[in-house]
J.: 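Can you keep this structure in mind? I'll have questions shortly.
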Protein chains: 2
Amino acid sequence: MPEAQSPTRKRIVDAATRLFYAEGIGRVSVDAIAEKAGLTKRTLYYHFKSKDDLVAAYLDGRDQPNLTLMAGWFDAAEGGADRKVEAIFTNLARAARHPKWKGCGFLRTAAELASMPGHPAIKVGSRHKSNFETWLAGELSNHGVEEPQALAREIVLLIDGSFSIMLIHRNPDYIEAAGRGAATLVRARTSSTRSRT
Amino acid sequence: MPEAQSPTRKRIVDAATRLFYAEGIGRVSVDAIAEKAGLTKRTLYYHFKSKDDLVAAYLDGRDQPNLTLMAGWFDAAEGGADRKVEAIFTNLARAARHPKWKGCGFLRTAAELASMPGHPAIKVGSRHKSNFETWLAGELSNHGVEEPQALAREIVLLIDGSFSIMLIHRNPDYIEAAGRGAATLVRARTSSTRSRT
DNA sequence: TTTGGTATACTGACTAGTGAATATACACAA
DNA sequence: TTGTGTATATTCACTAGTCAGTATACCAAA
């Protein structure tokens, strides 16, 4: 029985994260991950019962870092809820200009595994996206926005739309456009007495 | 030199379309496509110079049918631009409830090939998405909406966000939510004298 | 007799996963 | 302190099958 917090296990997940994100699930072999982690395939299979398990572990490891990043962008932005929401998109557009950027690992994995809806990695992705939506709804609620849940969902749809369309057009202008749309939606649900700060 | 309109070629593309959409690019072998088309792999390679070429042909064949479907939904809907836009989402949600539905083939292919940004299939996808955005902007313009291009882009982002998030949550409520968001954005750009029909 | 199209059969590389042996570390008894 | 047992962790070599793409040959029609 391998330990859950083993440093070897961490090394494997780190290697898998880099390769899966860069190339996609199907294009990365277990051999390649083992080599990148500096150990043999047999050792990898001692710590994970299958490649599918490793894919789920990869996404599980991205849950908290991703949420923290987004929350950081939101918190750091000046202005009202509309500005803070738009800041998420501005920062996303900046990140997307980096040559190693390949979209959202959760969405790309779900797209690649679309024919296996019950796959453990997709469940991890679903939980992550729900966590983000819930966090955002809470922040919007704190800012006194009307219908924070419905609004959070619409913003999530614009974010994930940005991720997807970027992989098609490779043009960050789409992310900026999504940010303006999101800000419009926030203002549409902000009491008309204070639409800007 | 194979003919561009050969019936054999069409049979191959039809088989590829079914398999690629159902399983994804990487999970479908050229052998499987040849078998489904009822011919040998050598014949397939007479008509297409590589698997990548066949992937591009698959998406190219989906361009017009997809546009026609969306335009049909838009045209058939009663009411103003907000209602017509929302109808696209309502119909999309209905389609997404079908068990064989697996999202948008263009986006799924782009996600799977994210590490090969110049892939011919991604260029085909980019052209298709641009075609749709341009068509939608034209319709919105015809309906007297302000800033039809910016609005069309925001709606496209909500549509593609719907496609993506559906593959994660498998819950069509998200598509309906996107439709309500899109309608809100249309109304925000409709002269305040007539916000509904 | 040439040309377009099809078939059989093959190549070399790669795939996920496994069998069997071994190294390491620590607990406990003599 | 020394020896022995046991669980954890790791390696090498392998299986059985799949992959995209091709060499060669055939056949029918122009």
Side-chain angles (χ1 to χ4, degrees), chain A residues 1-59 109 112-113 115-116 118-122, chain B residues 1-59 108-109 112-116 118-122:
Chain A
M1 230 174 306
E3 244 185 283
Q5 294 300 356
S6 146
T8 305
R9 187 193 150 99
K10 185 177 180 310
R11 255 169 63 212
I12 297 168
V13 174
D14 283 355
T17 299
R18 268 182 261 235
L19 291 173
F20 282 150
Y21 182 74
E23 307 284 339
I25 310 303
R27 307 180 91 84
V28 173
S29 71
V30 177
D31 292 87
I33 295 168
E35 193 190 334
K36 181 128 189 163
L39 33 77
T40 65
K41 184 160 56 164
R42 201 67 188 81
T43 300
L44 187 152
Y45 274 103
Y46 175 77
H47 290 272
F48 297 91
K49 87 171 211 292
S50 67
K51 184 181 180 180
D52 287 338
D53 256 39
L54 184 48
V55 176
Y58 145 53
L59 289 187
T109 303
E112 201 170 335
L113 304 180
S115 60
M116 314 159 77
H119 193 289
I122 296 188
Chain B
M1 232 174 305
E3 246 186 278
Q5 295 299 356
S6 144
T8 305
R9 186 192 149 98
K10 185 178 179 311
R11 256 170 59 213
I12 297 169
V13 174
D14 282 356
T17 298
R18 267 183 262 236
L19 291 174
F20 281 150
Y21 182 73
E23 307 285 338
I25 310 304
R27 307 180 90 84
V28 173
S29 70
V30 177
D31 292 87
I33 296 168
E35 192 191 334
K36 182 127 187 166
L39 36 78
T40 66
K41 186 160 54 163
R42 196 67 190 83
T43 300
L44 186 152
Y45 274 102
Y46 176 78
H47 290 272
F48 297 90
K49 87 170 208 293
S50 67
K51 183 181 181 181
D52 287 338
D53 256 39
L54 183 49
V55 176
Y58 145 55
L59 289 186
R108 273 174 59 212
T109 303
E112 202 171 335
L113 305 181
S115 61
M116 314 159 77
H119 193 290
I122 296 187

J.: If you only use heavy atoms from C-beta on, which nucleotide in C:dT6, C:dG17, C:dA16 is closest to the side chain of A:Ser50?
T.: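 Among the listed nucleotides, the one closest to the side chain of A:Ser50 is C:dG17.
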
J.: A:Leu39 side chain: which of D:dA20, D:dT11, D:dT22 is closest?
T.: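 Selected nucleotide: D:dT11.
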
J.: Got a second to check how far B:Glu112's CD is from A:Ile25's CD1, nearest 0.5 Å?
T.: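 It is 10.5 Å, given to the nearest 0.5 Å.
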
J.: If you take atom types as modelled and just measure distance, does the side chain of A:Arg42 reach the base of C:dG17 with a donor-acceptor pair under 3.5 Å?
T.: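 Looking at the base of C:dG17, it does not pair with any donor or acceptor on the side chain of A:Arg42 (distance under 3.5 Å).
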
J.: Just how far, in rounded Å, is P of D:dT18 from CD of B:Glu35?
T.: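 Rounded to whole Å, this separation is 12 Å.
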
J.: What is the distance, to the nearest angstrom, from the CD1 atom on B:Ile25 to the P atom on D:dT18?
T.: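 Value for this atom pair: 20 Å.
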
J.: Give B:Thr8 one of three labels, base, sugar-phosphate or nothing, depending on what nucleic acid heavy atoms sit under 4.0 Å from its own.
T.: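 Sugar-phosphate contact only - B:Thr8 comes under 4.0 Å of backbone atoms but never of a base.
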
J.: How many whole angstroms separate atom CG of A:Leu54 from atom P of C:dG17?
T.: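 Spelled out: CG on A:Leu54 to P on C:dG17 is 10 Å.
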
J.: So what does B:Ser29 hit on the nucleic acid, given a heavy-atom distance under 4.0 Å: a base, only sugar-phosphate, or nothing?
T.: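 Since only primed, P, OP1 and OP2 atoms lie under 4.0 Å of B:Ser29, the category is sugar-phosphate.
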
J.: For A:His47 and D:dT8, is the shortest distance between a side-chain N/O and OP1 or OP2 below 4.0 Å?
T.: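 For A:His47, the contact criterion (side-chain N or O under 4.0 Å from OP1 or OP2 of D:dT8) is not met.
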
J.: Using OP1 and OP2 only, check whether a side-chain N or O of B:Tyr46 sits under 4.0 Å from C:dG5.
T.: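 Affirmative; the distance criterion is met.
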
J.: For the pair B:Asp14 and B:Arg18, find out whether any cationic side-chain nitrogen is under 4.0 Å from an anionic carboxylate oxygen.
T.: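 No salt bridge links B:Asp14 with B:Arg18.
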
J.: Once you round it to whole Å, what is the distance between P of D:dT15 and OH of A:Tyr45?
T.: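 The answer, rounded to whole Å, is 18 Å.
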
J.: Test B:Leu44 against B:Leu54 for side chain to side chain contact (heavy atoms under 4.5 Å, CB included), laying out the working first.
T.: CA-CA 9 Å; B:Leu44 186 152; B:Leu54 183 49; 4.2 Å; yes

J.: Determine the contact category for A:Thr43: base if any of its heavy atoms lies under 4.0 Å from a base atom, sugar-phosphate if only primed atoms, P, OP1 or OP2 are that close, otherwise nothing.
T.: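 Base contact - A:Thr43 has a heavy atom under 4.0 Å of at least one base atom.
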
J.: Could you check which of D:dT24, D:dA20, C:dG17 has an atom nearest any side-chain atom of A:Lys51?
T.: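 Ranking D:dT24, D:dA20, C:dG17 by closest atom to the A:Lys51 side chain puts C:dG17 first.
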
J.: I want to verify a distance call: between D:dA20, D:dT24, C:dT18, whose nearest atom is closest to the B:Lys41 side chain?
T.: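 Within the option list, the nearest is D:dA20.
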
J.: Between P on D:dT11 and CG on A:Leu44, what's the gap in Å once rounded to a whole number?
T.: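 These atoms are roughly 11 Å apart.
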
J.: Hey, what do you get for OG1 (A:Thr43) to CZ (A:Arg9), rounding to the nearest 0.5 Å?
T.: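 A:Thr43 OG1 to A:Arg9 CZ: 14.5 Å, rounded to 0.5 Å.
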
J.: Do B:Arg108 and B:Phe20 meet the cation-pi criteria used here (NZ or CZ under 6.0 Å from the six-membered ring centre, within 45° of the axis)?
T.: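 Cation-pi check for B:Arg108 and B:Phe20: fails.
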
J.: Rounded off to whole Å, could you give me the CZ-to-P distance for the B:Arg11 and C:dG5 pair?
T.: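 Those two atoms, CZ and P, are 13 Å apart.
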
J.: Please give, in whole Å, the distance from D:dA20 P to B:Asp53 CG?
T.: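 Result: 14 Å.
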
J.: Please report the distance, rounded to the nearest Å, between CG in A:Asp31 and P in D:dT15.
T.: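 Atom-to-atom, A:Asp31 to D:dT15, this comes out as 16 Å.
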
